[in-house]
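So the structure is just underneath, and the comments pick up after that.
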Number of protein chains: 2
Amino acid sequence: MSPLARTPITIEHALLGFLLERPMHGYEIHQTLLESNALGLVWRVKQGQLYSLLARLEGEGLIRASTESQGARPPRKMLEVTDRGREAYHRWVIEPVQHPREVRLLFLAKLFCAHRLGPGYVSELVRRQEQEFRGQLDGLSRQMEEHSQSAFDELVYEYRIGQVEATLRWLSRCLDALARDPAGARS
Amino acid sequence: MSPLARTPITIEHALLGFLLERPMHGYEIHQTLLESNALGLVWRVKQGQLYSLLARLEGEGLIRASTESQGARPPRKMLEVTDRGREAYHRWVIEPVQHPREVRLLFLAKLFCAHRLGPGYVSELVRRQEQEFRGQLDGLSRQMEEHSQSAFDELVYEYRIGQVEATLRWLSRCLDALARDPAGARS
DNA sequence: GACAATCTACTCATTCACTGAATAGTCACA
DNA sequence: TGTGACTATTCAGTGAATGAGTAGATTGTC
């Protein structure tokens with residue numbers, strides 16, 4: 001697939017993290033994400049899409065829903081993670097993203113989730129991501145050498161390299177920064 | 001609009017650049033973009049989408065089409081820029097992008113086009129973009145001060161700031177780099 | 001000469017991600 | 001009492017993009 005092509009998003013896996021702490025219903029998750037901090041700082045998702053993503057997770061067997069009535073209020077679907085969902089979540093959390101542009105949303109969501117799981121997860125995720133992007137730096141440098149046909153081409157590669165380098169510098173600060181925040185760990 | 005929200009893309013304006021040089025038909029533009037250099041290095045677009053974007057430009061009155069037959073071959077639509085399209089193009093080329101994530105595609109497309117128009121356009125585009133992003137840096141620093149509620153929040157702002165800073169460093173090299181490439185200018 | 005692959009030039013049904021509004025209420029406050 | 005916000009979810013529609021279809025011509029190989 002072309003490096004510029006889009007890949008299916010998997011950010012809905014972040015929702016599993018909330019549900020692993022305790023079962024929640026959709027509107028509760030929506031409320032949580034409305035706050036402009038933590039995951040809500042990174043990921044703005046409308047109610048319609050949130051329910052759509054929850055439906056997808058249910059369809060994939062990663063969560064299960066049970067409806068409970070609540071007197072005069074409309075019935076609500078309590079959602080909880082299945083064993084399969086738990087496994088998928090732990091695999092998802094430490095999987096590095098493929099493209100630097102995916103850091104802005106997908107990687108930050110993974111980092112948030114890893115942080116809540118504990119320092120071991122954070123270091124594993126960051127280590128793998130650094131490895132992935134270091135490898136890409138090599139590739140980009142080679143491409144710039146071999147494929148540039150103009151000053152413009154060269155600037156394009158320099159831009160890409162600059163973004164990856166900036167991300168790597170930032171990654172190197174993640175471990176220390178999050179280690180200072182015991183509030184993140186939940187395990 | 002939410003800073004994370006998407007804005008309508010305008011990259012199809014880059015196509016006006018080709019047509020301002022000389023009228024072309026859609027398949028020719030498709031061929032040009034297939035090459036992995038210049039605009040094709042930045043923007044991969046399938047035939048179906050290219051024709052759709054050309055239709056949009058036509059609908060907006062920025063280009064006009066005339067069909068010419070070519071013997072046994074299927075007839076082709078020759079496309080040329082209207083006066084309105086020429087104006088829109090020159091405005092579009094120097095308009096800075098709103099979000100750092102738009103540099104990867106939209107801004108690089110504008111830079112390519114500005115480069116072909118001449119150094120005056122490149123310096124105008126880069127100057128405005130630097131101004132826009134410097135302003136955003138101030139805003140991001142302030143938000144980090146005022147809105148961070150955790151180490152994670154802080155890392156998110158640091159990531160965003162790092163990307164903008166890296167982009168500003170790269171922008172500062174654009175003028176010199178493209179000035180060394182006389183092949184870019186066409187005006 | 002036959003045939004297959006590629007090229008020419010364009011169109012279109014479908015998918016994916018997402019938006020904004022609809023639905024049918026309850027609750028809190030002025 | 002009335003109004004606006006909240007609760008909780010669903011759904012029709014939109015925009016961007018993909019991959020395949022259409023109907024040939026051209027090119028290269030056997």
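Numbers restart at 1 for each chain; the letters A, B, ... are given by sequence-line order, proteins then strands.
Of all heavy-atom pairs spanning A:Pro75 and A:Thr67, the tightest one is CB-CG2, 3.8 Å.
The side chain of B:Arg76 contributes an N or O atom lying less than 4.0 Å from OP1 or OP2 of C:dA9. In terms of phosphate contacts, A:Arg73 brings no side-chain nitrogen or oxygen within less than 4.0 Å of OP1 or OP2 of C:dA24.
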Might you list the N or O atoms of the protein lying below 3.5 Å from N or O atoms in nucleotides 11-13 of chain C, with each pair's distance?
none

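Near DNA chain D, defined here as any heavy-atom distance below 4.0 Å, the residues from residues 22-33 of chain A are A:His25, A:Gly26, A:Tyr27, A:Gln31, listed numerically.
Rounded to a whole Å, the CE atom of B:Met78 is 13 Å from the C1' atom of C:dA9. Put simply, CG on A:Leu57 is 12 Å from P on C:dA17, counting in whole angstrom units. As a whole-Å value, the separation of B:Leu106 CG from D:dA16 C1' is 15 Å. In this structure, CG of B:Leu53 is placed 8 Å from P of D:dA16, rounded to the nearest angstrom. Distance B:Gln70 CD to C:dC7 P: 17 Å, rounded to the nearest Å. A:Leu34 places its CG atom 12 Å from the C1' atom of D:dC6, with the value rounded to the nearest Å. With rounding to whole Å, B:Leu50 atom CG is found 12 Å from D:dT18 atom P. In this structure, CG of A:Leu54 is placed 14 Å from P of C:dC18, rounded to the nearest angstrom.
Here B:Leu15 contributes atom CG and B:Leu33 contributes atom CG; the two are 6.5 Å apart, rounded to the nearest 0.5 Å.
Remark: B:Gln136 pairs with B:Glu132 by the side chain to side chain donor-acceptor pair (under 3.5 Å) rule, at least two apart or across chains.
Among pairs with a residue in residues 163-179 of chain B, those fulfilling salt bridge (Lys or Arg N to Asp or Glu O under 4.0 Å) read A:Glu158-B:Arg173, at least two apart in sequence or across chains. Legend: side chain to side chain donor-acceptor pair (under 3.5 Å) pairs involving residues 47-66 of chain B, not counting sequence neighbours, sorted by first then second residue: B:Glu12-B:Arg56.
Without hydrogens or angle criteria, A:Arg44 side chain to A:Gly40 main chain gives a donor-acceptor distance under 3.5 Å.
Classified by interplanar angle (parallel below 30°, tilted 30° to 60°, perpendicular above 60°), the ring pair A:His13/A:Trp92 is parallel. In this structure, B:His115 and A:Phe152 have parallel ring planes: the angle between them is below the 30° cut-off, well short of the 60° mark.
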Show me the donor-acceptor pairs, under 3.5 Å and distance only, between side chains in residues 137-147 of chain B and residues at least two apart or in other chains.
from     : atom 1 : to       : atom 2 : distance (Å)
B:Ser141 : OG     : B:Leu137 : O      : 3.1

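The residue A:Glu12 sits apart from the nucleic acid: no heavy atom pair falls under 4.0 Å.
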